[in-house]
Colleague: 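Mind looking over this structure? Questions follow.
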Amino acid sequence: MTWFGKKSSKNKIESREKTKEKAKSFEEVRKGKDCGGFLRFDSDGGDKNGRLHPLPLPLTSSDRSLAVVSGYNSASSSGSSGSSDDPLDFSQFGLHNRGQNDGRFNSGSRSPVLGSRGATASTSPIHPRFSGANLEPVTGNECRFSPRSRSPGPGSRVHTARFCGTNLESPSGKQDDGRSTCHPLPLPPSSPTSPSSSHSMRSIGLNESTNSTPSKWKKGKLLGRGTFGHVYLGFNSESGQMCAIKEVRLVLDDQNSRECLKQLNQEISLLSQLSHPNIVQYYGSELGEETLSVYLEYVSGGSIHKLLQEYGAFGEPVIQNYTWQILSGLAYLHGRHTVHRDIKGANILVDPNGEVKLADFGMAKHIASSSSMLSFKGSPYWMAPEVVMSTNGYSSAVDIWSLGCTILEMATSKPPWSQFEGVAAIFKIGNSKDIPEIPNHLSNEAKSFIRLCLQRDPSARPTALQLLDHPFVRDQTTTRAANISITRDAFPFTFDGSHTPTSLELNTHRKSFTSCDVDYMAMPNITVSRAVKTSRDSSRMITSLPVSPCSSPLRQYEPAYKSCFISPPHPTFAFAAQSGYNVNDFSLCPVRRNTYLTIEPREVPMFRNPTPGGSPRRLL
Ligand SMILES: Nc1ncnc2c1ncn2[C@@H]1O[C@H](COP(=O)(O)OP(=O)(O)OP(=O)(O)O)[C@@H](O)[C@H]1O
């Protein structure tokens, strides 16, 4: 028997009453009452009535470029400043109101049904981010989300959100009174919804429904603790599927909580738009009275960091395989203009089949088309020099540096620069010409690969897609076909923007890249730089920019970069001007978009006792 079956009718009535109270308190929150005034809903994430915005749809290849820009804008804006004084936009926590159109998804990619679906509409498999209709009424105290493309189980393409209390401390998911906590239920795509709604729920942009569909997610054992909360095992008793429930306690009057919520909000926004075998899949989220729960794909093997702690350094074949998978995830991510910013062993999970998943997207950020990032975030030992220096902003190349550090971590079971204390390591990274020591026992290919990743000049680092062709990882075959197809979907513009390349084209393209006199073994840096340079030379435009001189702790010790590159225009635009697809044109490679044009507000780091494997968020 499931938890809901134990509820008495009295409890149900109490629950409804509680919902009204909750709605009222939420309305107060929405208006900024009793929250120290920090909660506001009038940001670009919601309309003036405080109505909430939709979650993203699963992306079709034709939707993708728009979806990336549109969807990530919200994520980007939510976390762009990084200041904890920023207003918190709850609309991005996934509580979204069906029928609302925030204007951000009003292009041709919107589904015909979108915007026209009211509270009575059936849930469709189309993701609500585009539908503008996100929060379906389910019961008086729960709101159902629209589906994800990869849902947790059979018939589970809809996620629910409920306003109900959860007991963070109870691994069993039981509340203090013995009742189980409420968790979202993935519902079939065609489940009807009821139009009934209460005033209080409507007033906060949520609709009440009489259609009660109980949740089947049950909270299990504690998997671990992070900076922001606890991660529990979750079990769906309908589908038999497991998930990881990341639970964060909401304490709205606390400065740290605001920052935590912002980070988690950002993680949700980003994750909800990603679907790749090497990225932890987002299933849904749920806002309770005291907690925000994020439902994620469960990866039972633990992190690379944990495996290293338990079993010691990995052998090179394992490193090769994991590196290839990490690269696949990064290529996908970077193709969507998103930088992870915290690649390290602790944030990479491994499943029992050896499939690797990038996790912990709290740091990830979308790169706006005309700006790079200037914030100072990441784990110090894995941090790229340009991040430490925080001079010209940075791009997806920071993940490539961190990947190099992670390979060293896998090879030695220690992070690079681990002989230095945290702050000393930061100085070493930012203020020296050194790169971390590369162990002698590694093959030449491995050394070559690592050196490519650890080039101090970010513009000299190859992209993830380019590195996939490096001999160190090139021959990895695990799930390669599937990954190529997904990566190909992520890069439709890589070819000509009008069609998705066939595998033959992909192979031809790869061949043309690798045939460019690339001899990684002999001259790794020079040859790859040459390939990369070919694309950059054709589009180098602006060579300097003003940056704030006071952002980095190391800034005073080293002159600012005197120049930087504007990377090629976004391929979508580049290809618009091209008549056809030319496999020999390296500008077709999705090189980094180091568009250092827009200066974002800076985030000044405050380092406090950084530790290897520790989260940068602990340092801020
Ligand atoms: N999807 C998941 N599947 C299985 N275990 C997970 C999953 N996500 C997180 N964990 C585990 O839960 C623990 C806490 O994870 P969480 O992401 O909250 O914090 P963290 O990454 O360890 O630290 P921080 O957030 O401070 O960087 C980790 O030990 C991690 O291995």
Side-chain angles (χ1 to χ4, degrees), residues 79 148 150-153 168 171 217 219-236 241-249 256-257 259-268 270-272 274-285 291-311 322 329 340-365 377-383 399 402 405-406 409 415 422 607-620:
R148 281 278 307 146
R150 284 171 64 195
S151 50
L168 185 64
W217 282 115
K219 192 165 73 175
K221 68 175 182 183
L222 186 70
L223 294 174
R225 292 182 174 86
T227 308
F228 299 146
H230 297 60
V231 179
Y232 297 96
L233 184 63
F235 183 70
N236 184 324
Q241 189 143 0
M242 294 178 180
C243 75
I245 306 174
K246 199 167 191 173
E247 208 170 63
V248 177
R249 190 176 276 280
N256 284 338
S257 297
E259 185 60 28
C260 289
L261 286 169
K262 266 182 64 178
Q263 295 276 3
L264 206 64
N265 179 22
Q266 183 160 319
E267 189 166 353
I268 290 169
L270 285 167
L271 270 175
S272 64
L274 304 176
S275 182
H276 189 276
N278 298 118
I279 293 175
V280 166
Q281 185 61 48
Y282 169 81
Y283 291 159
S285 54
T291 57
L292 173 66
S293 301
V294 183
Y295 299 87
L296 301 164
E297 176 183 8
Y298 173 53
V299 189
S300 62
S303 69
I304 284 178
H305 172 69
K306 193 185 118 196
L307 292 172
L308 288 168
Q309 280 186 324
E310 286 180 16
Y311 304 105
Y322 285 9
H340 187 285
R341 301 206 293 176
D342 203 14
I343 293 293
K344 59 177 181 178
N347 289 337
I348 300 166
L349 304 175
V350 185
D351 81 3
N353 299 319
E355 197 166 52
V356 159
K357 315 264 181 186
L358 305 183
D360 205 351
F361 280 71
M363 301 293 297
K365 201 164 186 179
K377 289 181 174 179
S379 300
Y381 291 93
W382 293 258
M383 203 179 265
D399 286 343
S402 301
C405 296
T406 304
E409 183 188 2
F607 281 97
R608 272 182 249 127
N609 299 325
T611 55
S615 164
R617 280 160 279 172
R618 296 188 185 103
L619 309 176
L620 295 174

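For ligands, and for the atoms within them, numbers begin at 1 and follow the listed sequence.
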Colleague: Under 4.0 Å from a heavy atom of E297: give me the atoms of ligand 1 that qualify, with their elements.
Modeller: 1 (N), 2 (C), 3 (N)
Colleague: Working to the nearest 0.5 Å, report the span between CH2 of W217 and SG of C243.
Modeller: 3.5 Å
Colleague: Taking the side chain as every heavy atom from C-beta outward, state whether T406 and Y322 have any pair of such atoms under 4.5 Å apart.
Modeller: no
Colleague: Answer whether the closest heavy-atom distance between the side chains of Y282 and I268 falls below 4.5 Å.
Modeller: yes
Colleague: Have a look at V350, D351, L349, V299 and point out the one with the heavy atom closest to atom 7 (C) of ligand 1.
Modeller: L349
Colleague: Looking at ligand 1, does any of its N/O atoms fall within less than 3.5 Å of an N/O of K246?
Modeller: yes
Colleague: G224 heavy atoms, cut-off 4.0 Å: which ligand 1 atoms fall inside?
Modeller: 12 (O), 13 (C), 14 (C)
Colleague: Which atoms of ligand 1 are found less than 4.0 Å from any heavy atom of Y298?
Modeller: 3 (N), 4 (C)
Colleague: Could you check whether any side-chain N or O of E247 sits under 3.5 Å from a backbone N or O of H230, counting only pairs where one atom can act as donor and the other as acceptor?
Modeller: no
Colleague: Considering distance alone, does some N or O of S300 sit under 3.5 Å from an N or O of ligand 1?
Modeller: no
Colleague: Of the listed options (L233, L223, V294, D342), which comes nearest to atom 5 (N) of ligand 1 when hydrogens are ignored and any heavy atom counts?
Modeller: L223
Colleague: Does E297 reach the main-chain N or O of Q281 with its side chain, forming a donor-acceptor pair under 3.5 Å?
Modeller: yes
Colleague: Among R225, K344, K357, which residue places a heavy atom closest to atom 22 (O) of ligand 1?
Modeller: R225
Colleague: Please tell me if the side chains of V280 and V299 come closer than 4.5 Å, counting only heavy atoms from C-beta onward.
Modeller: yes
